Amino acid sequence: MIKKELVLSLKNVKKIYQLGKVELVALKEINLDIYQGDFVTIMGPSGSGKSTLLNLVGCLDFPTEGKIFLKGKDISLMSESQLSQFRGKTIGFVFQEFNLLPQLDALENVALPMVFQEIPIEERKKKAKELLNSVDLKERIAHQPAELSGGERQRVAIARAFANNPEIIIADEPTGNLDSTTGLKVMDILTNFHKKEGKTIIVVTHDPHIAEYSEIIVNIKDGQIVTNHKESPKVLWDK
Amino acid sequence: MFGGMNEYFKIALRNLKTRSLRSWLTIFGIIIGIFLIISLLSLGEGVNKAISEQIQALGGDMIMVMPGGDNLMTSMMMGGDELEKEDIRAIERADGVDVTISMSYRGVIIRYEGESKFAPLAGMSFEEEVLDIFKRFQGWSLSEGEWPRVGRREILIGQQVSDEMFEEKIKIGSQIIIKGKKLTVVGALNSLGSKTDDGQIYLDINDYYSLTGEKKGSAKMVMVKIEDGASLEGTAESIREDLGKVRKRKVGTDGGDFSVITAEKIGEITGSIVGVIQFAIILFAGISILVGGIGITNTMFTSVRDRTREIGIMKAIGAKNSAILKIFLIESGTIGLIGGLGGTALGLFLAKIVEYYGQVYPVFYISASFNPFLIIFGISFSFFVGCISGFFPALKAAKLKPAESLRRFE
């Protein structure tokens, strides 16, 4: 068996928010290893700390205590700008609200992460077109987000997430704002990318149906991982 | 370093367009500031130029004696007081005085070929000796016609009156009507380099008295040519003394209600007045620009707040702090730049209108100076103000934490 590369590792991570004089412990002693090619679902009820965990896993925030290693690099040792660039290259994001820039059209939105990586204009245009093609939006490249349906916007967002060919895709409730048919379509696209290109997918959701797509389910409650299973994902949520 | 500038411009400009009302209101604030700076400075420069031309025209060896003491500028403008015969005689007798030329002036309506215009009429002696002084010291020369003769109701006109004041050029030998009296134009002067002089109509002083009803022998100004070898300041001092005695005896005051001025002195007075005016212009325009700049800062802070989530997204997908800073600086710089372009154009337009009215009514002649440096300054200064005003909001945007920005407004 080929040993998989450890792409993301959280070691004794704690996150505390200071709300005035009150300390709010959002995450306690989190230890989590995610390997290349894993399809992980992070689940938990509202207020469980899953959004905080998503921010840390996505390197959008620093832990109060503990260490986060992204591809073996300790993110706390990086400057904000270094981390931004590293994150842009290594992680792609898909958000529940799509989060496309309203001023840019579909092609420009998909090309934007490549702008920040200073990829030449011709190359990024070509790549963005290919990606939009792969999510069946060839005809919609010149449309602005306001002119696209919810499902189309999410597909643009997925294409954008893959722009820099990242190793990890983090999707925060990717089907939360879509109807069930469109949601299934979006999940199929993500699964396809996972299977064909061996990308690591981390999905945060409270929808057990979405969890069915994954191989690993991380269940979180009161800021702690309560279960971390690789088998029979369906069983976990019911427990 | 400039990677992605195209997209940064696109994001910034489209954002300005999306919030067009807010953007235009902010731009309008800058337009007003730059408009004030450009119009006032270009007119201020014009005033300065007109004054130096006037001083130049006075000639270095001439002394001017005018009624009115401390408030010289007011008496020049209002022309209230007059110098009497006795006063003029005192000036003539003062040490160092060679020739005195009495002059009076007032604004009149002149009619030519059915058209009426307002113009300054100057009464002066047309004796040969006097005309010689004007030719020698003020550069008078005829463009056409001949010099007017004494007591013939003949008039001499400045170049601007001759060529530009009326729709048709005034012909030599034709008649113009002032206060119902017909006067014959016998000569036109070449340009004297000063628009005020070029806009004058000259009439023999005695004809002037009978036409205007002003007291015979009085004058609003006496020009003095000093004797060869006499000192300018010494002669001026002696006039001051002699005239002072006469005025004191006559009016019973301390004798200070007249002014003896040399070209140098006028330069000093006007220089200081223009200096004060320019300082005030810069101060007010500066305040106005400051207000415009605060407007930009306010708009940009609001924009950062509105777009916090957008900033979070850009950071999440790899934007460095510097990229965010650039986008917001482009936005505020563009506001400044458009404001600068608009303000400069509007300022120059207003200056041109004032200049145009000055040409129609030469009494108020003022030229607008279209200095290319001023234009470049107006545009680049407003761009700079835009960048400076937008810097702190842009810095705030650049320093936002991605997780917090994405969480906000959720």
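In the text below, chain A, chain B and the rest are named by the order of the sequence lines, each starting its count at 1. Everything numeric in this text was worked out from a predicted model, so none of it was measured. We use all heavy atoms of the structure for the numbers below, so side chains are in, but hydrogens, waters and symmetry mates are not.
- Heavy-atom distances place the side chain of B/A323, and not its backbone, under 4.5 Å from chain A.
- The local environment of CZ in B/F28 is sparse, with at most 12 non-hydrogen atoms from other residues, nucleotides or ligands closer than 6.0 Å.
- Only the side chain of B/I313 comes within less than 4.5 Å of a heavy atom in chain A; its backbone stays farther off.
- Within 6.0 Å of the OH atom in A/Y17, the count of heavy atoms belonging to other residues, nucleotides or ligands exceeds 12.
- Remark: B/F384 CZ is loosely packed, at most 12 non-hydrogen atoms of other residues, nucleotides or ligands lying under 6.0 Å away.
- Comment: B/K315 engages A/E80 in a salt bridge, judged by a side-chain N to carboxylate O separation of less than 4.0 angstrom.
- Around the NZ atom of A/K28, the shell of radius 6.0 Å holds more than 12 heavy atoms that belong to other residues, nucleotides or ligands.
- Each of B/K10, B/K17, B/K401 has some count of heavy-atom pairs under 4.5 Å with chain A, and the biggest count is that of B/K10.
- Proximity to chain B is absent for every atom of A/F98, based on heavy atoms less than 4.5 angstrom apart.
- Counting heavy-atom pairs under 4.5 Å between each of A/L112, A/L101, A/I91, A/I170 and chain B puts A/L101 at the top.
- Using a 4.5 Å cut-off between heavy atoms, A/N109 does not touch chain B at all.
- Residue A/F193 places its CZ atom among more than 12 non-hydrogen atoms of other residues, nucleotides or ligands, all under 6.0 Å distant.
- Side-chain contact between A/N99 and B/L406: present, with at least one pair of heavy atoms (C-beta onward) separated by less than 4.5 Å.
- No side-chain donor-acceptor contact under 3.5 Å links B/R14 to the backbone of A/P102.
- Here the shortest heavy-atom pairing between A/L60 and B/P402 reads O-CG, 3.5 Å.
- When heavy atoms are compared at a cutoff of 4.5 Å, A/F95 approaches chain B solely by way of its side chain, counted from C-beta outward.
- For the atom pair CZ of B/R307 and CD of A/Q103, the computed distance is 6.0 Å after rounding to the nearest 0.5 Å.
- Of all non-hydrogen atoms in A/V115 and B/Y8, the two that sit nearest each other are CG1-CE2, 4.0 Å.
- In plain terms, the two heavy atoms of B/A403 and A/D61 that are nearest each other are CB-CB, 3.8 Å.
- In this structure, CD in A/E118 is found 5.5 Å from NZ in B/K320, a value given to the nearest 0.5 Å.
- Counting heavy-atom neighbours within 6.0 Å of A/F69 CZ, excluding the residue itself, gives a total above 12.
- Other residues, nucleotides and ligands contribute over 12 non-hydrogen atoms within 6.0 Å of the CZ atom of A/F62.
- Rounded to the nearest 0.5 Å, atoms CZ (B/R309) and CD (A/E97) are 5.5 Å apart.
- Under a cut-off of 6.0 angstrom, the local environment of CD in B/E167 is sparse, with at most 12 non-hydrogen atoms contributed by other residues, nucleotides or ligands.
- With a 4.5 angstrom heavy-atom cutoff, A/Q85 touches chain B via backbone and side-chain atoms both.
- Here the closest non-hydrogen pair linking A/S84 and B/A319 is OG-O, 3.1 Å.
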